[in-house]
Structures are given as C-alpha cells and as structure tokens.
Amino acid sequence: DEFWSWMESVVVGKFFPDGCENMPEGVAIQGQNFFVQKLQIRQARSKKVIKDIRGTKYVGYDFYSSASKTSDENSTIYGDYKTGLGDLEGFSFGSGNTVDYGNSGYITYLDPRDGSANVTSKIKAMKNAGWLDGGTRMIAVNANFYNPTTDMVTSLRCGIELMPTGFMTNYYFAYTWPRSPHDTSSNVVLARMLLEALVGCFMLYLLITELKELCTEGCGQYATIFNIVEFIAILAMIGVVMCQIFFEYQWMSGRIDQVEYQDWFYLGELWEWKRNLVGFSFVMGWVKVFKFLEMNSKIKIIWMAIHNTRDDLLSTFLFFVILIFAFGSCGFIIFGNQVEDFSTISSTMSWLMRALLGDLDYQVINEFNPDVAPIYFMSYMVVVFFITLNLMIAIIIDGYEEAKQSIMSDDDHDLLFIHDCLRSITIKCTSRIKKVFMMKKLKKLTSSVHPEPTAEGGKDVGDKSRRKSIITEQVQ
C-alpha cells in the first residue's frame, strides 16, 4: 500500500504532472533539473515455495539468488524480462551483507509523452493485476536528469527491498557528472584537461622511477614503509586515470536527447569509485610527507618509537582483533534478532568500535535483554578498553622514551628538510639582491673619488687607482 501510494502521488505528481505530454522544454523535477528519456521500473522476483506440514500447505517465496530467481513470469503483468542490465544491489546491512540482484529483471517503462492520465491508468492497472506481490524482492525506479544551467547530468535510483520476513526498506542514490567532460569551448575545461594530462604524465614518470628503483635495489632493500606508501599512492592514482578514461569512453554513447531510457547508473558508480581512489591517494600522499619530516629529530623520535615497538604492537593488536570478533559474535547471537545494530557481524563490530569512543546506545540492548546486557557491556569495556587499549598506549610510551634517549645520545640536531630548502633559497635570492645594490654603490663611490693634490699642485693617478682598489675591497 505504501509503494502504490508513493507511485500514485509522488511519482505521478513529480514526473508526470498534468500536461506533461505538451511540454517541449521537458518536466522540471526540482529547480532546473529536467526529467529526460523514460522512467524505468525494474523488478526482481523469486520462485514460489510450498511447504507441506502435516497436511497443511504453506505457500511462500524464497530469498533471492541466482538459483531462486524467476525469468518466465507473465509479461502482461510484470513486464518483459531482460538481461544485460546494470548490476542491482539491495540495501547494505553491513559490509558483505548486501543482496546482489544481478543484471536482469522485469522491466516496465513510463513515458511522459503518454500524458499524466494514461500513466496514472497504467499504474492502477499494474496495481490491480498484482504486479507487486509476495514474490517481489527488489524494485528499482531509475530516472535520468539534465540541468542546462550547470550542463550536468544526474542518474537517480530509488530502491525498495522486500524480505520474506516481512521487512521492507528503501534507499536512493544519485550521481552527477558533467555532460561534456572535455568541452574545448570552455577555458576552464581546457585548463583542467591540461592539468589532467600533466598529472597522467607525472604518474607515469613516478611509476617508471619506482620500478627502476625496485629492480636496482631488490625487494628486500626497497620494501621500506615510505617506499611502499609511495608505490601504493602511485597505483591508486593510476587507477584514477584508468577509471576516468573508461568512464569517458562509456559516456561517449550517452544521449540526453533520445526517448528510450539509457542506463547511466553504473557510470555514476564508476565515478564514485574514482572519487574514492582520489581520496585514498591523497591520504597516501600526505603520509609520504613524513619521509622528509623524518630528518628532524623530533619527528624521527615518533617513527623510531613505532618501529621499535612494532612487534609488541602487532601482537597486542592481534589480541585486540580476537577480542572484537569474540564479543561481536556473542552480541550478534544474543541481540541480533531484535536490535538493528547487532543484526549482522559487521554492524555488531561497528557498534563495538563506536562504543570505545562513547558513541553507543546501551539502553536498546538493555531493554531487550536486561539480564545479559550489563554483563556483556561491562566485561567488554573492562577487557578491551581498560586493559587492551591502555596496554597498547603503554607500549607506545615505552618505545617513545627509548627512541628519545637514542636520538639524544646521538646528538642529532638536524633541521627540517623543508626549513633547509627555504633557508638555502632565501640566502641565494637575498645575496643576489645585495650584490646588485652593492655594485651600484661601488660605481657611485668610484665616480666620486678625487685624489688629493700633490705638493706641486698636480694629481696623482696612482693614488686614484689605490683608492679605487680599497673601495672595491670594502664593498666586496
């Protein structure tokens, strides 16, 4: 009932308003975002299951999988079954807990050229025919938009997922990117293209340099922490470039002026992957800055502390991970059937990690199981927070003191690398400026030199040369 109410009010009201068939400029959904092409409604269905319990037959529908999906339902009711569509995923209940609905499904299109009345009649016919029933596992409403002011396109997906347990959830994703990524008529785009080409060439140069260094030094000598970080950052940036090239190659066939629906959503997901790689490479790039800051004794102490305590930290961290998995499995079993945060292993461990930072809702688990919740929570906080985390802090402090003594005994007073560079550049620039002014002063003093008259009233040329040499020496 909620789905059909949403379709008949929101979808029809926004996408197919009265007179939409006579709007040559298109339907503006929000602001200047115009609805283009058709609206695609996609459904994934599962097979019927019949259980005979002591002569009573119970009819239901299975969970969705490649073995339980259906492909031969009545096309008059559910629409044409098509393959080769974009990948469709359900709501994420945690890492690794997303249902994959594949790249096939039953497709129905709603065209604004048919008019609001006809679209409304078609939706009512789908409702009366039982288009949505117990076999429906996933519904995806896909639409494409264009904004002429920003010259950007948007791909929208509204997903409704229905579980055999009766749980129903919905989500939406929207991805936006420029219609013409390389519009040569814009100076801004041309400048960006030049920067992209420079970044691509620079990444290729860095990759070749790192590979040469790897071949020269060998894996054993090359595998330092900063070399590994740099190599990972380069691979991430190369992945960014490859995603950009593949995206633009796929987008070449994108047409906003055509009537039939085009699947742009997978391009938005690819664009999102590129953004993730860019963010990751930026983190790796900033971590590499410590390679140069290590020349300073104070910064070097921190890295030496981590290096000296790496074995103890690794064993303590392994102990910490085992405890997180242990308490996570316990919480999932005890509270998983009632508390949403404990519904999966990954979401349970996420709750436990947030609990260490004070971001927790203890009242929820206490209301469900007041006998076990206090014991579970207190034992977790004592063992993991008060013992394990403080043990790791103590290890780092001991390593820091040891590294500090080692650095101080070596009398390491190196300046920051960046400070040395700036100091050298400043000295060179200021010395050149001083030289220019001094040479001007030399010429001025030289021209004003007049030798004292001799006893005979003449001028001593040798004395003038001597005075010039003295002035030159003083200026130099």
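Side-chain contact between Lys435 and Arg432: absent, with no pair of heavy atoms (C-beta onward) separated by less than 4.5 Å. Looking only at side-chain heavy atoms (C-beta outward), Glu21 and Asp114 stay at 4.5 Å or farther from each other. A 4.5 Å side-chain heavy-atom check between Arg137 and Asp62 finds every atom pair outside the cut-off. For the pair Ser343/Phe332, no side-chain contact is recorded, criterion being any heavy-atom separation below 4.5 Å from C-beta on. Residues Phe265 and Leu267 have side chains not in contact (no heavy-atom distance under 4.5 Å, counting atoms from C-beta outward). You'll find the side chain of Glu8 reaches within 4.5 Å of the side chain of Lys127, heavy atoms only. No side-chain heavy atom of Ser155 sits less than 4.5 Å from a side-chain heavy atom of Asn142. In this structure the side chain of Arg179 never reaches within 4.5 angstrom of the side chain of Met152, judged on heavy atoms.
In this structure, the side chain of Tyr380 does not engage the main chain of Gly328 through any donor-acceptor pair within 3.5 Å. Under the 3.5 Å distance criterion, the side-chain polar atoms of Glu367 are left unmatched by any main-chain donor or acceptor of Tyr362. Judged purely by atom type and a 3.5 angstrom limit, Asp359 has no side-chain atom pairing as donor or acceptor with the backbone of Arg354. Looking at Asn144, its side chain does come within 3.5 Å of a backbone N or O of Gln262 through a donor-acceptor pair. A donor-acceptor contact shorter than 3.5 Å is absent between the side chain of Gln338 and the backbone of Asn369. Judged purely by atom type and a 3.5 angstrom limit, Lys122 uses its side chain to pair as donor or acceptor with the backbone of Tyr109. When atom types are taken as modelled, the side chain of Glu161 and the backbone of Phe91 share a donor-acceptor pair closer than 3.5 angstrom. With hydrogens and angles ignored, the 3.5 Å screen pairs a side-chain donor or acceptor of Asn227 with a backbone N or O of Tyr222. In this structure, the side chain of Ser68 engages the main chain of Ser65 through a donor-acceptor pair within 3.5 Å. Although no hydrogens or angles enter the test, the distance criterion places no donor-acceptor pair under 3.5 Å between the side chain of Thr136 and the main chain of Leu132.
Minimum interatomic distance between Ile77 and Ala129 (heavy atoms only, all atoms of both residues): CG2-O, 3.6 Å. Contact detail for Asp18 and Met23: the closest heavy-atom pair is O-CE, 3.8 Å. Closest approach of Cys243 and Leu277 over heavy atoms only: SG-CD1, 4.1 Å. Between Val189 and Pro181, the shortest heavy-atom distance links the atoms CG1-O, 3.5 Å. Closest approach of Cys20 to Ser116, counting heavy atoms only: SG-N, 3.7 Å. Taking each heavy atom of Leu211 and Phe231 in turn, the nearest pair found is CD2-CE1, 4.1 Å.
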Phe320 vs Val384, side-chain contact (heavy atoms from CB on, under 4.5 Å): CA-CA, chis, key distance, verdict: CA-CA 7 Å; Phe320 172 77; Val384 177; 3.4 Å; yes

Go through Ser46 and Thr70 one step at a time and tell me if the side-chain contact (heavy atoms from CB on, under 4.5 Å) criterion holds. CA-CA 5 Å; Ser46 61; Thr70 63; 5.7 Å; no

Applying side-chain contact (heavy atoms from CB on, under 4.5 Å), run through Tyr58 and Ile50 and close with a yes or a no. CA-CA 6 Å; Tyr58 298 92; Ile50 301 177; over 6 Å; no

How far apart are the C-alpha atoms of Leu156 and Cys158, what are their side-chain angles, what is the distance that settles it, and do they pass the side-chain contact (heavy atoms from CB on, under 4.5 Å) test? CA-CA 7 Å; Leu156 169 70; Cys158 299; 4.2 Å; yes

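Side chains of Ser347 and Ser350: a donor-acceptor N/O pair is absent below 3.5 angstrom, by distance only. Asp133 and Tyr61 share no side-chain donor-acceptor pair at under 3.5 Å. In summary, the side chains of Gln40 and Arg42 do not present any donor paired with an acceptor at a separation below 3.5 Å, with no hydrogens or angles considered. Using modelled atom types and a 3.5 Å distance limit, the side chains of Ser75 and Tyr81 yield no donor-acceptor pair. Side-chain contact annotation: Thr154 with Tyr146, donor-acceptor N/O pair under 3.5 Å absent.
Between Phe145 and Phe15, the ring planes lie tilted relative to each other; the angle falls in the 30° to 60° range. The aromatic rings of Tyr376 and Phe342 stand perpendicular to each other, their planes meeting at an angle above 60°, with 30° marking the opposite boundary. Aromatic ring pairs are classed by plane angle as parallel below 30°, tilted from 30° to 60° and perpendicular above 60°; the pair Phe246 and Tyr249 is tilted. Ring geometry for Phe35 versus Phe16: interplanar angle over 60°, hence perpendicular rather than tilted (30 to 60°). Between Trp177 and Trp264, the angle of the ring planes goes over 60°, which puts this pair in the perpendicular group of the 30/60° scheme.
Between Ser180 atom OG and Trp251 atom CH2 the span is 8.5 Å, to the nearest 0.5 Å. With rounding to the nearest 0.5 angstrom, the OG1 atom of Thr165 is 12.0 Å from the CG atom of Asn337. Of the inter-residue distances, the one linking Ile322 atom CD1 with Thr388 atom OG1 reads 10.5 Å to the nearest 0.5 angstrom. To the nearest 0.5 Å, atoms CD (Gln37) and CD1 (Ile256) are separated by 8.5 Å. In this structure, the separation between CE on Met7 and NZ on Lys124 is 13.0 Å, given to the nearest 0.5 Å. Rounding to the nearest 0.5 angstrom, the gap separating the CG atom in Asp100 from the OG atom in Ser66 is 9.0 Å.
Under the 4.0 Å criterion applied to side-chain N and carboxylate O atoms, Lys288 and Glu230 are assigned as salt-bridge partners. One finds a salt bridge joining Asp111 and Arg113 here, because a Lys/Arg side-chain nitrogen approaches an Asp/Glu carboxylate oxygen to under 4.0 Å.
Atom CH2 of Trp286 has 12 or fewer heavy atoms from other residues, nucleotides or ligands within 6.0 Å. Within a 6.0 Å radius of CD in Gln30, no more than 12 heavy atoms belonging to other residues, nucleotides or ligands are found. Within a 6.0 Å sphere centred on CD of Gln221, heavy atoms belonging to other residues, nucleotides or ligands number 12 at most. Around atom CG of Asp1, no more than 12 heavy atoms belonging to other residues, nucleotides or ligands sit under 6.0 Å away. The local environment of CZ in Arg275 is sparse, with at most 12 non-hydrogen atoms from other residues, nucleotides or ligands closer than 6.0 Å. In this structure, Tyr171 places its OH atom where more than 12 heavy-atom neighbours from other residues, nucleotides or ligands lie under 6.0 Å away. More than 12 heavy-atom neighbours from other residues, nucleotides or ligands sit within 6.0 angstrom of CD on Glu248.
Remark: Arg157 is not positioned above the aromatic ring of Phe173, lacking an NZ or CZ atom under 6.0 angstrom from the ring centre and at most 45 degrees off the axis.
Of the candidates Asp80, Leu85, Ile41, Ile107 forms a side chain to side chain contact (heavy atoms under 4.5 Å, CB included) with just one, namely Leu85.
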